[in-house]
Protein chains: 2
Amino acid sequence: MPLLTTDQADCCAPVTAGVMEAEDAKQLARMFKALGDPTRVRLLSMIAAQSGAEACVCDLTEPVGLSQPTVSHHMKQLVDAGLVTREQRGKWSYYAIVPETLAMLSAVLDPRSLPAG
Amino acid sequence: MPLLTTDQADCCAPVTAGVMEAEDAKQLARMFKALGDPTRVRLLSMIAAQSGAEACVCDLTEPVGLSQPTVSHHMKQLVDAGLVTREQRGKWSYYAIVPETLAMLSAVLDPRSLPAG
DNA sequence: ACATTGTATTGATGATCGTCGATACATCGA
DNA sequence: TCGATGTATCGACGATCATCAATACAATGT
C-alpha cells in the first residue's frame with residue numbers, strides 16, 4: 001500500500017512556508033518516520049551508493065549486521081513511505097531510490113521559504 | 001543536551017552520496033525521528049509561519065488540540081534534535097526555527113548528489 | 001510574602017517499534 | 001518434481017513513544 005495516492009512531488013508546501021494542514025503533516029511525518037531509524041538511513045545510503053541507485057537484500061544484510069527478516073522489515077518501511085521501490089528480478093528483490101520523493105522532502109525542509117527570508 | 005557537539009551544518013554527507021558511517025546515520029536518524037510525528041511537523045510549520053519564525057507555547061497549545069504538557073514534550077524533542085531553539089523571555093518560552101539544521105537536512109536529502117546523476 | 005500565570009517535569013498507561021527465530025512463499029536448476 | 005536459495009511474513013519480546021493528570025518550577029504583579 002503506497003503512502004500517497006497522488007504524486008508525491010506535489011504532496012505539501014514547505015514546512016517553513018506557513019501553517020500546515022493536518023493531513024499534509026501526517027503524510028510528511030510518515031516519510032520522516034521512515035528516515036527516523038539509523039539502520040534505514042544506512043540502508044538508503046547503501047542503495048544510493050550502488051550503481052543505478054539500486055540493490056538487492058543480499059547486498060544489504062551483511063553490511064548492516066542485522067538478520068535478513070529485520071532488513072526485509074526495514075525495506076518494507078522504506079517502500080511504504082515511497083522512498084524506494086521494489087522490483088522482483090528472478091530470485092532477487094531489487095530496491096531502487098525514488099529521487100522524486102527525496103527531492104520533495106528536500107524542498108519541504110528548505111529554509112529559504114521562511115517568511116523572514 | 002544538544003544533539004550535535006560540532007556544527008550541524010557539517011554533520012553528514014548527502015544520503016545519496018555513498019555509504020554512510022554508522023555515527024552519521026545515527027545523528028541524522030535522530031533528527032528525522034523528531035520530524036516523524038504529525039504533531040511535531042505541524043508545530044514546526046506553525047513556528048515557521050510566525051513572524052520572525054518564533055512562537056511561544058501559548059500560541060501552539062490551542063491550535064494542535066493537545067494538552068500543554070504534551071506540547072512541551074514535543075517542543076523538547078525538537079529542541080534536542082537541534083531543529084528549534086528555546087529562549088525564555090519573561091514568563092514565556094519562545095521557540096525559534098534553526099534554519100541551518102533545516103538546510104543541512106534538506107541538502108542531505110537532495111537527490112542531485114546521486115551517482116547516476 | 002503571596003497569589004497568579006506560563007511552562008517544564010513526573011509518573012503512569014496503552015500503543016507502536018526494532019529485533020529475532022521459525023516458517024512460509026517464490027524462483028531457479030537438476 | 002524436488003532440493004536449494006533468496007526473500008517475505010508471523011509470532012513474540014523488550015524497549016521506546018505519545019499522551020494525559022498531577023505537580024513542580026519560574027517569573028510577574030500586588
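Worth saying up front: this structure is predicted, and the values here are computed from it rather than measured. In what follows, chains are A, B, ... by sequence order, proteins preceding strands, each numbered from 1.
- For the atom pair OG1 (B:Thr85) and CD (B:Glu87), the distance works out to 7.0 Å, reported to the nearest 0.5 Å.
- Under a 4.0 Å N-O distance rule, the pair B:Arg89/B:Glu54 qualifies as a salt bridge.
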Whether each nucleotide of nucleotides 24-30 of chain D has a protein heavy atom under 4.0 Å at its base (B), only at its sugar-phosphate (S) or at neither (-) is summarised, 5' to 3', as ---SS--
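- We find that CE of A:Met75 is positioned 11 Å from P of D:dT7, with the value rounded to whole Å.
- Contact annotation: A:Ser93 side-chain N/O to D:dG6 OP1/OP2 distance is not under 4.0 Å.
- Nucleotide C:dA8 holds its P atom 12 Å from the CG atom of B:Asp80, rounded to whole Å.
- Without hydrogens or angle criteria, B:Arg42 side chain to A:Ala25 main chain gives no donor-acceptor distance under 3.5 Å.
- For B:Tyr95 and C:dG6, the shortest distance from a side-chain N or O to OP1 or OP2 is not below 4.0 Å.
- Side-chain contact between A:Leu44 and A:Leu35 is present, with heavy atoms from C-beta onward closer than 4.5 Å.
- To the nearest 0.5 Å, atom CG of residue A:Asp80 and atom CE of residue A:Met75 are 11.0 Å apart.
- Checking B:Val71 against A:Trp92, the closest nucleotide of DNA chain C that is more toward the 5' end is the one next to B:Val71.
- The minimum heavy-atom distance linking A:Trp92 with A:Cys56 is given by the pair CD1-SG, 4.0 Å.
- Under the rule for a side chain to side chain contact (heavy atoms under 4.5 Å, CB included), the partners of A:Pro69 that lie at least two apart in sequence or sit in another chain are A:Ser67.
- Remark: side-chain polar atoms of B:Thr101 are paired, donor with acceptor, to backbone N or O of B:Gly82 under 3.5 angstrom.
- A sub-4.0 Å separation between OP1 or OP2 of C:dG6 and a side-chain N or O of B:Tyr94 is absent.
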Does the protein touch nucleotides 9-18 of chain D at the base, only the backbone, or not at all? Give it as B, S and - per nucleotide, heavy atoms under 4.0 Å. B-------SS
